[in-house]
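Inspection log for the structure reproduced underneath, given as structure tokens.
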There are 2 protein chains.
Amino acid sequence: MDGEDTAGRLIEATQELLWERGYVGTSPRAVQRRAGVGQGSMYHHFGGKPDLARAAVHRSAEEMQARAEADLSGAGGALGRVRAYLTRERAVLRGCRVGGLAQDPDVVADPGLRAPLQETFDRLRARLAEVLEEGRADGEFRPDLDPAGTAATVVAVVQGGYVLARSAGHPGPFHEAVDGLLRLLDAHAAEPDTRP
Amino acid sequence: MDGEDTAGRLIEATQELLWERGYVGTSPRAVQRRAGVGQGSMYHHFGGKPDLARAAVHRSAEEMQARAEADLSGAGGALGRVRAYLTRERAVLRGCRVGGLAQDPDVVADPGLRAPLQETFDRLRARLAEVLEEGRADGEFRPDLDPAGTAATVVAVVQGGYVLARSAGHPGPFHEAVDGLLRLLDAHAAEPDTRP
DNA sequence: GTCTATAAGCTGATAGAC
DNA sequence: GTCTATCAGCTTATAGAC
């Protein structure tokens, strides 16, 4: 419960380094330095690098799920909540602290490390599909909307938007991809969009 | 021109390792071993790891652009060609050999390494936008289609699809995301889709 | 719990012989 | 062009004192 305890500081430092440098690029030594914790102390609390990373990835996954849930359970209609999720302020050039790890071969090869990624995106897609299905049932979307497929598309656009933005060196392509998707979704609204 | 020369083998080996392990995870030593080339030989042909990586990333980017251009300049209408690009057979779980590098901090920090990524995605988006604009001009798409935004969305779905598939450990989410996007694009076709 | 050795192996390179 | 030293520093621990 104490955010200032040694194990907690180690996990936080690992979360930051995994976000910045990935799993391969993060050494126990760098974690110790950032956490201000000695070698022996780290190995007392955690079994090693994979063990430490599992704890950090698990926490990052929980935090990401909580943020998404906040957007998707807010006020407004289905499209409004999906729009809230898509247009939430993000540190675009930093990428996704969960999705970014999927690029790492050592992460996808370790079931304990990959599981939080899988769970996060499975739940996010399922929750988005629920919201979209609500919108269809309410007549907000056309009846031919595919909730599950569209949900996967929404999540992919965000993750792919990060890739395009980091490749470009600026956040522009992320926002273009999101705006393009929102226009496609607008066109799927039951009533033709007549905004100026 | 000879694909069996030392420099060529080094570049090929580097392309493979960058795809599998990323930039941070790829050592000159591993490249030498895979290419069957000695230490001194490698440093004779290339200045070091960044130099070698620049050559390899440049070639991978060219190859990716050529494949995309083949799909987008094929036969058929605009939607058909976009569909051909999106549904081309891919080694989904391996990820994109260009986009995957965008996760690496050392790649985005080195202008010579990031440039091929930026160019690849800029050109791909521009070419897709052209195709979509053609489709709109021909009356294949509704007049309110946004070619540039939609192009960014298409590229993002592919890149994000890789992230979701690798996180899940199977290609399913990639195909769900692509199918979801194709349904949204179908709905943007000028004539209502009435297929069974 | 935390500290300081200690260690075998890898990293990214340079130097000079052949 | 290619080869074999050689190198300082990092990686990922383990061992045992405090």
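In what follows, every chain begins at residue 1, and chains take the letters A, B, ... in the order their sequences are listed.
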State whether a side-chain donor-acceptor pair under 3.5 Å links [X] with [Y].
| X | Y | result |
| --- | --- | --- |
| B:Arg127 | B:Ser73 | yes |
| A:Gln15 | A:Ser60 | yes |
| B:Thr120 | B:Gln65 | yes |
| A:Gln159 | B:Gln159 | no |

Next on the checklist: Strictly below 4.0 Å: does B:Ser27 bring a side-chain N or O up to OP1 or OP2 of C:dT11?
Outcome noted: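 So the side-chain polar atoms of B:Ser27 do come within 4.0 Å of the phosphate oxygens OP1 or OP2 of C:dT11, strictly under.
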Checklist entry - If only side-chain N and O atoms of B:His45 are considered, is one of them under 4.0 Å from the OP1 or OP2 phosphate oxygen of D:dT2? => result yes
Checklist entry - Reading nucleotides 13-18 of chain D from the 5' end, what letters show protein touch, with B for base, S for backbone sugar-phosphate only, - for no heavy atom under 4.0 Å? => result BB----
Next on the checklist: Does the structure place the NZ or CZ of A:Arg90 under 6.0 Å from the centre of the six-membered ring of A:Tyr85, at an angle of no more than 45° from the ring's axis?
Outcome noted: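 So A:Arg90 does make the cation-pi contact.
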Item to check | Contacts of A:Glu62 that satisfy side chain to side chain contact (heavy atoms under 4.5 Å, CB included) - sequence neighbours left out | outcome: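 A:Glu62: side chain to side chain contact (heavy atoms under 4.5 Å, CB included) contacts with A:His58.
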Spacing of [X] atom [atom1] relative to [N] atom [atom2], expressed in whole Å:
| X | N | atom1 | atom2 | value |
| --- | --- | --- | --- | --- |
| B:Phe46 | D:dT2 | CZ | C1' | 15 Å |
| B:His44 | D:dG1 | NE2 | P | 5 Å |
| A:Asp106 | D:dT11 | CG | P | 15 Å |

Checklist entry - Between C:dT2, D:dT2, D:dT11, which one does the side chain of A:Thr6 approach most closely? => result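 It is C:dT2.
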Item to check | Out of C:dT2, C:dC10, D:dT11, whichever nucleotide has its closest atom nearest the side chain of B:Arg29 | outcome: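 My answer, after comparing the listed nucleotides, is C:dC10.
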Next on the checklist: Does anything in residues 14-24 of chain A come within less than 4.0 Å of DNA chain C? Heavy atoms only, and list the residues if so.
Outcome noted: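 Nucleic-acid contacts, sorted: none.
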Next on the checklist: I need the single residue from A:Glu140, A:Glu130, A:Glu69, A:Glu134 that forms a salt bridge (Lys or Arg N to Asp or Glu O under 4.0 Å) with A:Arg81. Which is it?
Outcome noted: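 It is A:Glu134; the other options fail the test.
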Checklist entry - According to the ring-ring contact (aromatic ring centres under 6.0 Å, His included) rule, which pairs have a member within residues 146-178 of chain A, sequence neighbours left out? => result A:Tyr162-A:Phe174
Would you give me the side-chain donor-acceptor pairs under 3.5 Å for residues 93-103 of chain B, sequence neighbours excluded?
none

Checklist entry - Using a heavy-atom distance cut-off of less than 4.0 Å, which residues of residues 30-38 of chain A contact DNA chain D? => result none
